[in-house]
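Some notes on the structure that comes next.
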Amino acid sequence: MQYDVAAIIRGYAQGYFLMADESDRLGWYGSKEHTLIPLDDRFRYPKSLQRVLNQEKFTVAINRDFFGVVAGCANRETTWISPELKKIYWLLYQTGYAYSFETWQGNKLAGGILGIVIGGAFIGESMFYNIPEGSKVAMVKLVERLRQKKFILFDAQMMNPHLARFGAYPVSNQEYEKLLQQALQLPYSLED
């Protein structure tokens, strides 16, 4: 099956995201409200996580095991990452739009965040962990990287209690579109 990368990126650039339903049918979804992870001083995390960060027991990598992160994100009882969506993520990775931001403990993939990068926007698709705290450390280190690279937007799509612990906050569709349009003007990459 052929996919039109430009059309897929246009969908994300308009504030939509791909998701499979219970029958694995893929569709575009939108929201009246988006959840953002702050890239300023509103970003926070539990004190217990600071102790983990101080121990430096995880290393960070980008795209070292992209497919492993996709598989980890899809490996749950109910998933919206269908086999077809995995193929699309792989294509977006090959064309420079999809990234995996990973934590490692030695040679073991500890956790990661899957996202789409368009301009100065990181659109978080999913996250997972194999080792406790692996995805939380990935979140902190990803925010540090996005700040360093001067990204405008970290879209987490939908709020949940886990994201709220990092200071995630809702924005209206109108505010989101304004930020997204600013971000799309910038030529960014996560990598150096």
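Heavy atoms only, all atoms of each residue included: Ser82 and Asp24 are closest at CB-OD1, 3.7 Å. Heavy atoms only, all atoms of each residue included: Met159 and Thr35 are closest at N-OG1, 2.9 Å. Here the closest heavy-atom approach between residue Gly112 and residue Val69 is recorded as C-CG1, 4.2 Å. The minimum heavy-atom distance linking Asp155 with His34 is given by the pair OD2-ND1, 3.6 Å. Nearest approach of Glu102 to Phe66, heavy atoms of both residues: OE2-N, 3.7 Å. When all heavy atoms of Thr79 and Ile81 are compared, the pair lying nearest together is OG1-N, 3.0 Å.
The side-chain heavy atoms of Leu39 and Phe151, taken from C-beta on, include a pair separated by under 4.5 Å. Within the 4.5 Å cutoff, no side-chain heavy atoms of Lys136 are placed close to those of Thr103. Two residues are said to be in side-chain contact when any heavy atoms from C-beta on lie closer than 4.5 Å; Ile131 and Phe58 meet this criterion. Two residues are said to be in side-chain contact when any heavy atoms from C-beta on lie closer than 4.5 Å; Lys108 and Asn130 meet this criterion. Here the side chains of Arg165 and Pro46 are in contact, with some heavy-atom distance below 4.5 Å. Side-chain contact check for Leu146 versus Ile37: every heavy-atom pair is 4.5 Å or farther apart. Met139 places a side-chain heavy atom less than 4.5 Å from the side chain of Leu163. Ile118 has its side chain out of reach of Leu180: every pair of non-hydrogen atoms, C-beta onward, lies at least 4.5 Å apart.
Annotation: Gln55, atom CD; neighbour count of heavy atoms from other residues, nucleotides and ligands within 6.0 Å is above 12. Residue-environment remark: CD (Gln174) stays at or below the threshold of 12 foreign heavy atoms within 6.0 Å.
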Q: Decide side chain to side chain contact (heavy atoms under 4.5 Å, CB included) for Gln157 and Tyr29; before the verdict, give the C-alpha distance in whole Å, the side-chain angles of both, and the deciding distance to 0.1 Å.
A: CA-CA 10 Å; Gln157 296 175 357; Tyr29 293 83; over 6 Å; no

Q: Would you sort out whether Phe154 and Leu142 count as a side chain to side chain contact (heavy atoms under 4.5 Å, CB included), showing the intermediate values?
A: CA-CA 10 Å; Phe154 183 169; Leu142 175 56; 3.7 Å; yes

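Residue Lys47 holds its NZ atom at 13.0 Å from CG of Leu49, rounded to the nearest 0.5 Å. Once rounded to the nearest 0.5 Å, the distance linking OH of Tyr99 with CD1 of Ile62 reads 8.0 Å. For the atom pair OH of Tyr169 and CG of Leu36, the computed distance is 4.5 Å after rounding to the nearest 0.5 Å. Considering CD1 of Ile123 and OH of Tyr12, their distance stands at 7.5 Å, rounded to 0.5 Å. Atom CD1 of residue Ile113 and atom CZ of residue Phe122 lie 6.0 Å apart, to the nearest 0.5 angstrom. Rounding to the nearest 0.5 angstrom, the gap separating the OH atom in Tyr3 from the CG atom in Leu91 is 8.5 Å.
Looking at Lys87 and Glu84, no side-chain N of the basic residue comes within less than 4.0 Å of a carboxylate O on the acidic one, giving no salt bridge. Ion pairing between Glu144 and Arg147 fails under the 4.0 Å rule for side-chain N and carboxylate O.
The hydrophobic cluster containing Tyr129 does not contain Leu109, counting ILVMFWY residues as joined when their side-chain heavy atoms lie under 4.5 angstrom apart, directly or transitively.
Between Phe166 and Phe43, the ring planes are parallel. Angles under 30° get that label, and only those over 60° would be called perpendicular. Using a 30° and 60° split on the angle between ring planes, Trp90 and Phe67 fall in the perpendicular class, above 60°.
In summary, of the residues considered (Lys57, Glu56, Gln50), a side-chain hydrogen bond (donor to acceptor under 3.5 Å, both in side chains) with Asn54 occurs for Gln50 alone.
Looking only at distances, no side-chain donor or acceptor of Ser126 sits under 3.5 Å from a matching main-chain atom of Leu114.
Listed by first then second residue, pairs satisfying salt bridge (Lys or Arg N to Asp or Glu O under 4.0 Å) with a partner in residues 166-175 read Glu175-Lys178, not counting sequence neighbours.
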